[in-house]
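Ligands are counted one by one from 1 in listed order, and the atoms in each one are counted from 1 as well.
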Amino acid sequence: MAVEKVDLTGARETLLMTLYGKALESRLPNSLLQDHFADEAVRRIDYDFSRLKVDGNLGLGFAIRAKTLDVRVRDFLARYPDAIVLHLGCGLDTRIFRVDPPKGIDWFDVDYPDVVALRRRLYPCRDQYHLIASSVTEPGWLAEVPRNRPAMIVAEGLTPYLAADEGPRLFARLVSHLAGGELMFDAYSRFGLKLMRLSPALKATGAEVHWAIEDPRELERAIPKLRFIGEVPSYKPEQGARLGWSARLFVGLWRLIPAMRKVGRLLRYRF
Ligand SMILES: C[S@@+](CC[C@H](N)C(=O)[O-])C[C@H]1O[C@@H](n2cnc3c(N)ncnc32)[C@H](O)[C@@H]1O
């Protein structure tokens with residue numbers, strides 16, 4: 001088994017945080033995500049994951065978010081057997097393997113060229129699976145994506161790293177290129193970004209966070225083709241019960257206090 005050296009910094013390095021969290025959760029006997037590819041990738045990567053200070057609570061949080069998105073992607077693909085999936089800022093997330101899309105679906109994972117090169121070394125290729133090595137904010141890569149098929153766009157842990165003007169421009173380009181579909185991503189309020197900046201994991205990477213979304217409808221106003229469908233609750237009671245006391249307290253406050261609910265949430269749009 002070849003060991004992979006990684007030399008990622010800033011926003012790119014944060015992919016090791018989510019990967020490690022998902023791998024930790026997947027090692028639990030009652031794992032929600034069962035992401036054996038993530039676990040295997042962590043074992044192969046030569047990197048001191050302890051510096052990211054990802055604990056079981058954070059790992060479970062990443063796993064719950066990933067599972068919630070997996071369920072929505074599967075649901076979309078069941079409704080549109082000729083769909084495409086656009087996975088923006090995929091990092092080393094293995095959604096393609098977890099969802100295991102049926103024949104007929106084309107899947108596009110997009111991230112920076114060095115991240116995509118690492119993915120190629122760690123994970124197998126498969127039919128109808130396409131890797132695009134580009135910043136998502138570069139307009140050129142969309143030329144590789146078919147226009148006239150229903151599209152499920154997912155971005156997990158990406159939006160905070162985009163500049164406040166880049167995010168809406170990216171989404172506007174996507175919805176004008178594609179005929180129609182859904183867009184799902186996690187969004188953070190200004191207060192949410194402040195909390196992120198305090199997190200030891202983010203501090204360890206030196207990544208900077210920029211784009212805050214206070215009101216999901218602000219994107220509707222900026223991009224008329226986009227319709228806000230709603231927030232997707234990610235913590236089901238039975239999942240929350242597996243969190244430690246401090247994380248349960250946070251989730252409790254998150255439910256009760258409106259400002260806390262905006263800290264981090266999964267948003268769903270149609271176009
Ligand atoms: C927190 S990680 C999340 C990775 C993955 N989505 C997951 O959930 O495991 C953030 C990811 O966004 C990617 N990213 C940030 N800015 C990007 C950009 N402008 N273009 C492409 N990828 C970007 C990083 O390279 C990294 O893989």
Side-chain angles (χ1 to χ4, degrees), residues 6-26 33 35 37-39 41-42 45 47 49 52 54 58-70 72-73 85-99 107-120 122-123 131-142 144-145 153-171 173-174 183-188 192-193 196-197 199-211 234 264 266:
V6 292
D7 185 19
L8 301 170
T9 53
R12 290 162 168 83
E13 194 174 1
T14 64
L15 68 86
L16 297 171
M17 180 173 100
T18 43
L19 177 75
Y20 188 59
K22 290 171 194 174
L24 281 185
E25 198 279 337
S26 297
L33 204 58
D35 194 337
F37 279 97
D39 186 15
V42 163
I45 291 174
Y47 176 85
F49 284 95
L52 298 175
V54 174
L58 193 52
L60 180 59
F62 291 147
I64 290 173
R65 181 175 78 184
K67 184 79 183 180
T68 307
L69 286 165
D70 289 358
R72 295 290 168 162
V73 172
V85 177
L86 273 187
H87 188 190
L88 311 176
C90 58
L92 290 179
D93 177 82
T94 68
R95 174 155 298 114
I96 174 80
F97 303 112
R98 294 194 305 268
V99 169
W107 187 297
F108 298 81
D109 270 355
V110 193
D111 210 304
Y112 290 117
D114 46 349
V115 174
V116 164
L118 179 62
R119 267 196 92 89
R120 287 191 197 280
L122 285 167
Y123 300 138
L131 276 159
I132 300 182
S134 170
S135 167
V136 291
T137 58
E138 287 295 322
W141 65 269
L142 261 177
E144 297 179 43
V145 177
I153 308 173
V154 257
E156 179 184 8
L158 169 73
T159 60
Y161 304 105
L162 303 177
D165 58 336
E166 279 176 351
R169 243 188 284 142
L170 165 66
F171 290 159
R173 252 198 316 274
L174 288 168
L183 165 67
M184 266 190 82
F185 61 94
D186 47 331
Y188 302 84
L193 294 192
M196 277 174 108
R197 290 184 190 109
S199 94
L202 200 78
K203 278 188 182 163
T205 64
E208 288 181 10
V209 287
H210 314 280
W211 187 23
S234 48
L266 272 178

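Taking each of Leu92, Thr14, Val116 in turn, the one with a heavy atom nearest to atom 1 (C) of ligand 1 proves to be Thr14. Within the set Ser135, Ala201, Gly89, the minimum heavy-atom distance to atom 11 (C) of ligand 1 is found for Gly89.
Considering every non-hydrogen atom in both Leu162 and Gly167, the closest pair reads CD1-CA, 4.0 Å. Contact between Tyr161 and Glu208 at its shortest, heavy atoms only, is CD2-O, 3.6 Å.
Proximity to Gly91 (heavy-atom distance under 4.0 Å) selects the following atoms of ligand 1: 4 (C), 27 (O). Within ligand 1, counting atoms from 1 as listed, the ones closer than 4.0 Å to a heavy atom of Ala11 are 24 (C), 26 (C).
Here the protein heavy atom with the shortest distance to atom 16 (N) of ligand 1 is Tyr112 OH, 3.4 Å. Asp111 OD1, 2.7 Å is the protein heavy atom nearest to atom 25 (O) of ligand 1. Nearest protein neighbour of atom 8 (O) of ligand 1, counting heavy atoms only, is Lys22 NZ, 3.1 Å. Here the heavy atom of the protein found nearest to atom 20 (N) of ligand 1 is Val136 N, 2.8 Å. The shortest contact between atom 14 (N) of ligand 1 and any protein heavy atom is with Leu158 CD1, 3.5 Å. If you check which protein heavy atom lies closest to atom 5 (C) of ligand 1, you get Cys90 O, 3.2 Å. The shortest contact between atom 9 (O) of ligand 1 and any protein heavy atom is with Thr18 OG1, 2.8 Å. Annotation: atom 3 (C) of ligand 1 to nearest protein heavy atom, Glu156 O, 3.5 Å.
If you look at Tyr20 and Tyr47, their ring centroids are not closer than 6.0 Å.
Without hydrogens or angle criteria, Glu25 side chain to Leu33 main chain gives a donor-acceptor distance under 3.5 Å.
Using a cutoff of 4.0 Å between basic side-chain nitrogens and carboxylate oxygens, Arg65 and Asp186 are scored as salt-bridged.
Two residues are said to be in side-chain contact when any heavy atoms from C-beta on lie closer than 4.5 Å; Ser135 and Tyr112 meet this criterion.
With values rounded to the nearest 0.5 angstrom, Arg72 atom CZ is found 9.5 Å from Leu69 atom CG.
No option in Asp93, Asp35, Asp39 other than Asp93 meets the side-chain hydrogen bond (donor to acceptor under 3.5 Å, both in side chains) test with Lys22.
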